[in-house]
Structures are given as C-alpha cells and as structure tokens.
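A short write-up of the structure that comes next.
Throughout, protein chains are lettered first and strands after them, A, B, ... in sequence-line order, and every chain is numbered starting at 1. Predicted model, so just to flag it, every value in this text is computed and none were measured.
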2 protein chains.
Amino acid sequence: MTLISTPADVLLTPRRQRTRDRLLDAAYEVFAEQGVHASTVEEVCERAGFTRGAFYSNFTTKEELFAALMERQHSLQLAALALKVDRLRPRLEAVTGPIDEAGLGDLMLDFFTGPLDDRTWCLIDHEFRLMSLRDPEVAGAFAAHEEAFETSLLAIVGRALDLAGRRFVLPDGVAVRLLGDLYQDMLQRAIRAGRSLHEAPEARDTMVRLVLVLTRPVAAPDGGPARRTDLHPAATDVPVRADATC
Amino acid sequence: MTLISTPADVLLTPRRQRTRDRLLDAAYEVFAEQGVHASTVEEVCERAGFTRGAFYSNFTTKEELFAALMERQHSLQLAALALKVDRLRPRLEAVTGPIDEAGLGDLMLDFFTGPLDDRTWCLIDHEFRLMSLRDPEVAGAFAAHEEAFETSLLAIVGRALDLAGRRFVLPDGVAVRLLGDLYQDMLQRAIRAGRSLHEAPEARDTMVRLVLVLTRPVAAPDGGPARRTDLHPAATDVPVRADATC
DNA sequence: TGTATCCGATACATCAACGTATTCGATAGA
DNA sequence: TCTATCGAATACGTTGATGTATCGGATACA
C-alpha cells in the first residue's frame with residue numbers, strides 16, 4: 001500500500017476540493033462501519049452523493065483514499081490537541097489550590113479523546129494499527145504520527161503534572177504510553193458494551209488511580225512537602241510549584 | 001457473523017477431523033498474513049492442500065471457519081497457560097530466597113506469551129478485537145475468552161506475586177489488564193520494527209518496572225520484613241527494593 | 001451570448017470469488 | 001470380493017466489484 005500523500009491539497013479548484021472532502025467524510029463513516037476491506041468504492045461514493053466517476057477522477061485506488069483520510073484525521077487530531085493546550089494554559093497557570101483528583105482524571109481522559117466521535121475514530125485507528133503490523137510502509141506512517149502525538153501529549157501532560165506537583169516514576173515515554181494503553185483498553189470495553197466511555201464514571205477514577213500510581217509527589221526545593229495544585233479554580237491557596245517535569 | 005461453534009469436534013471421523021485441522025492450520029496462516037477479509041476461501045484450501053470442495057463439506061462460510069479457528073486457538077492458549085502454571089508451581093513453592101527481578105520480568109512476559117508464534121497470534125488477535133468492536137456477537141465471544149484468560153492469569157500472577165511478597169496497589173483486574181496492555185503495546189512495536197519482542201532486553205526491564213510500580217511489599221504477619229522468594233533457584237541474595245511505588 | 005474546459009455521470013467489459021450440483025474415489029462393512 | 005457410503009474433487013452458473021472509455025452539463029471567460 002502506498003501511503004505517500006498527494007503533494008498537497010492546494011492547487012485544487014474549490015469544486016474539486018469539495019468533492020474530495022465529501023468523499024473523505026463518507027469514507028470515514030463507511031470504513032469505520034464496515035472495515036476498509038469490506039467497504040466498496042461504490043458505497044463510499046454513494047454515501048458522498050457521487051458516482052464512481054467522481055471517485056476515479058480524484059483518487060486512483062481505495063488505498064490512496066484511505067491514506068489521504070488518515071493524513072487528514074491525524075492532522076485534525078494534532079490540531080485538536082494543540083487547541084486543548086491553548087485552552088488549558090490559562091486554566092493551568094491561574095490556579096493555585098491543591099490538586100483535585102477528579103479534575104486530573106477528566107483532564108487525562110480529555111487529552112486522549114480525539115476531536116471526533118470516539119467510537120468511529122477507535123474503529124478506524126484500530127484498523128490502521130492492524131495494517132501497520134503487516135505493511136512496513138504503513139508502519140512508518142503510523143510511527144511518524146505516533147511520535148508526533150506522543151510529543152505533543154507529553155508536553156501537555158507534563159505541564160499538568162508539574163502544576164499538580166507530581167512526576168512520573170517511570171520514563172516519561174513509557175508512562176504516557178501506559179496511560180494511552182489504558183485509555184484504549186477502557187474505550188474498547190465501552191464500545192463492546194455498547195456504551196460511551198464518558199458515561200462510565202469508573203473510567204475517570206481508574207485513570208486517576210493510574211496517574212497517581214505512576215507518579216510521586218515532587219519534593220519542594222526548600223525540603224518541605226510537595227506543593228499541590230488544584231485544577232479547579234475554587235480550591236484553597238496552597239501555591240503552585242514552578243519547575244517543569246519531564 | 002455467527003460465532004456459535006459446531007457442538008463439538010467429537011463425532012467426526014478421523015479423516016474429517018484431519019481435513020478440518022489442516023484447514024484450520026492453513027486459515028491461521030493465511031488470515032494472519034492477509035487479514036480475514038482479504039483472504040479467500042480458495043487460498044486457504046490451496047494452502048491446506050485441498051480444493052474448495054473440501055472446505056464446503058466442512059464449513060459453510062469463511063466466518064464459520066474463523067469462528068472455529070478462534071475457538072481452537074483460545075483453547076490452546078488457555079491450555080498453554082494451565083501448563084505454565086503446572087510447570088511453575090514446584091519452582092514457585094520450592095524457593096525461599098529473595099526475589100530476582102529479571103526472573104520476574106521473564107515470568108511476566110512468559111505469562112502473556114501465547115503458545116504459538118507471537119507475531120502471527122498478534123495479527124489474528126488484533127483482527128478479532130476489531131471485529132468485536134463492530135459485532136455484538138463477536139464481542140460476547142471476545143469477552144468470554146478474555147474473562148477466562150484473565151481469571152487464569154490472575155491466579156498465576158497472584159501466586160507469583162505472593163511468593164515475591166508483593167501485592168497490587170490497584171484492583172487486581174485493572175493491574176493485570178495494564179500488564180497485558182503493556183505487553184501488547186511492546187509486542188506491536190516490535191512487530192512494526194520487524195523484530196521479535198524477546199530480542200528486546202528493555203522489554204523485560206520495562207515489564208519489571210511496571211510490576212514494581214503496580215505492587216508494594218506485603219508486610220509479613222509477624223511484623224518482620226515481607227517474605228521474599230526467588231524465582232531463580234541459583235540467584236544471588238541481593239534484596240529487592242522495598243519502596244517501588246508512589 | 002457563445003465557446004472551451006473541467007469534472008462528474010454513464011455504460012460497458014473484465015475478473016475474481018462464491019456456492020452448488022454432480023462426479024469420482026477411497027474406505028468400511030458384509 | 002463386492003457394495004454402500006462418505007468425503008473430497010470438478011465443473012459450472014451467478015454475483016458483485018473494478019477500471020476505463022466516453023458522454024454530457026456546468027462554469028468561466030471572451
């Protein structure tokens with residue numbers, strides 16, 4: 001499978017761009033519902049409101065469509081994560097109270113939650129992972145995105161932990177992976193059970209407990225007890241630590 | 001998809017049983033290589049040394065073949081795990097020295113390692129998980145096996161930990177899941193990198209570190225230090241860290 | 001308003017996998 | 001040894017997805 005992208009989505013007439021986008025939207029749904037292999041070009045086109053003619057004048061194969069789709073979704077995911085960081089920064093920097101564990105759990109779940117519907121994304125991502133186990137080229141694309149995502153994630157998780165006065169007791173990469181693995185695990189269980197992960201309050205608790213187990217309080221520079229920060233503005237006034245973890 | 005098994009593999013003439021087995025063996029390979037959907041009944045038969053006629057007189061659909069395959073593999077997996085328990089019991093009960101961390105890591109990796117080739121099994125299992133996210137019936141079969149496996153695993157891991165004088169700091173089910181998730185994660189990375197997980201020494205170390213983080217020493221009943229057991233009879237007497245967790 | 005170009009629709013030829021109906025051969029039992 | 005039955009092979013019809021070659025209409029520009 002070729003996962004090399006078309007040079008850019010630029011240089012396309014608006015009409016063409018719109019057609020491509022609608023095909024990608026449809027592919028996102030159809031691929032998630034039926035799996036890439038079981039999906040047919042015809043059904044994607046139908047869903048998008050086109051015939052196969054439109055498809056073949058925009059893509060050459062179903063695999064190329066899938067590659068374009070993954071690139072788009074990965075970009076969206078990274079953009080969404082960056083947006084979270086921006087939105088979170090003032091909140092993180094403003095608060096000074098003790099850490100609120102429920103808030104930390106929500107935060108962690110939020111970090112791993114994608115910009116789109118969880119279930120749909122999980123299905124597509126799972127299939128992408130599967131392909132990456134068979135095809136070295138896909139493995140490369142997978143690893144590239146995984147690394148980009150992990151880097152971004154590490155930055156924001158690190159900042160949150162820092163403000164919470166905690167530090168990972170395992171290498172950062174390993175710890176973040178474990179959190180991600182737990183998220184995936186819980187998400188898949190929820191999907192199998194036909195529920196949404198965010199309806200399950202125990203998911204947040206489990207996430208918090210893992211965060212606590214994977215971290216330890218950072219000793220304050222003056223030798224006193226570690227400072228604690230609240231992620232919820234309504235807390236007490238114990239000050240925030242200033243140094244960065246990770 | 002129907003995952004209800006044929007009542008039993010009993011009541012089959014030896015000839016029939018043999019062709020079924022050969023078809024299942026072939027399916028195991030072909031499905032892993034190409035994915036279930038991309039695989040064709042013809043190719044499975046070819047690989048097994050039969051024509052499609054043999055297939056259709058033993059199975060009705062490719063899905064039924066897959067269901068039978070998963071049942072067989074799950075049985076093998078559970079049997080292999082039980083065998084490990086039996087093999088390990090005398091070793092676990094005989095030793096009294098301090099726990100050897102490297103041995104613990106090997107043990108944990110061994111627990112999660114299936115009876116067959118890691119890579120092949122990982123591919124099949126991954127696809128089975130994917131199906132379980134779409135089809136409630138598959139989800140049921142998946143959950144059933146997962147529960148059986150987790151129960152067996154918990155028993156043996158619990159015993160090993162007990163002899164090591166340690167106890168999970170999270171609910172057992174969650175802790176075992178985390179270990180499994182980490183194993184899966186590392187295995188998939190190894191496959192993508194084209195290596196075997198067991199060539200990677202850091203995998204063992206990472207596993208040990210997670211075990212240590214997820215557990216704490218159990219205080220001995222008499223108030224003395226926790227009982228320490230060595231899983232390697234020939235190991236040294238270097239004591240174990242007692243303060244691994246948060 | 002006329003015309004050229006772009007892009008999606010249509011129609012068709014091809015192919016691969018499927019499932020069934022039937023045949024053929026081997027094996028077991030009389 | 002003969003025969004009946006079981007199980008795999010063979011052959012054929014059907015279906016559905018694919019890709020291409022061509023057509024038609026909308027849009028932009030003179």
task = Measure from the ring center of B:Phe128 to the ring center of B:Phe142 and say whether it is less than 6.0 Å.
result =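 Close enough - the centres of the two rings lie under 6.0 Å apart.
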key: Rounded to 10 degrees, the angle between the two terminal axes of the helix from C:dT1-D:dA30 to C:dA30-D:dT1, each from five pairs   =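 Taking five pairs per end, the axes differ by 10°.
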message = Of all nucleotides in DNA chain C that come within under 4.0 Å of a heavy atom of chain A, which is furthest toward the 5' end and which toward the 3' end?
response =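 Span of nucleotides near chain A: C:dC7 to C:dT10.
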Salt bridge flag under 4.0 Å for residues [X] and [Y]:
X        : Y        : value
B:Arg129 : B:Asp125 : yes
B:Arg177 : B:Asp181 : no
A:Asp185 : A:Arg189 : yes

task = If a protein heavy atom is under 4.0 Å from the base, mark B; if only from the sugar-phosphate, S; if neither, -; do that for nucleotides 8-23 of chain D going 5' to 3'.
result = SBB------SBBB---
key: Any donor-acceptor pair under 3.5 Å from B:Arg119 side chain to B:Ala190 backbone   =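 The answer is no, because no donor-acceptor pair under 3.5 Å joins these two groups.
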request  = Return the set of residues passing side-chain hydrogen bond (donor to acceptor under 3.5 Å, both in side chains) with B:Ser132 (not counting sequence neighbours), or none when no residue passes.
outcome  =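 B:Ser132 satisfies side-chain hydrogen bond (donor to acceptor under 3.5 Å, both in side chains) with A:Arg192 only.
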request  = Using the test side-chain hydrogen bond (donor to acceptor under 3.5 Å, both in side chains), find all partners of A:Glu33 that sit at least two apart in sequence or belong to another chain.
outcome  =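 By the side-chain hydrogen bond (donor to acceptor under 3.5 Å, both in side chains) rule, A:Glu33 matches A:Arg47.
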message = Which heavy atom of B:Glu150 sits nearest to which heavy atom of B:Val176, and what is that distance?
response =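 Between these two residues, the closest heavy atoms are CG-CG1, 4.2 Å.
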ask   = If you look at every heavy atom in A:Leu65 and A:Ala27, which pair is closest and at what distance?
value =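 Closest pair (atom of A:Leu65, atom of A:Ala27, distance): CD2-CB, 3.7 Å.
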Indicate every side-chain donor-acceptor pair of residues 108-117 of chain A with a distance under 3.5 Å to a residue at least two apart or in another chain.
unit_1	atom_1	unit_2	atom_2	d
A:Thr113	OG1	A:Leu109	O	2.7
A:Thr113	OG1	A:Tyr183	OH	3.3
A:Asp117	OD2	A:Thr120	N	3.0
A:Asp117	OD2	A:Thr120	OG1	2.6

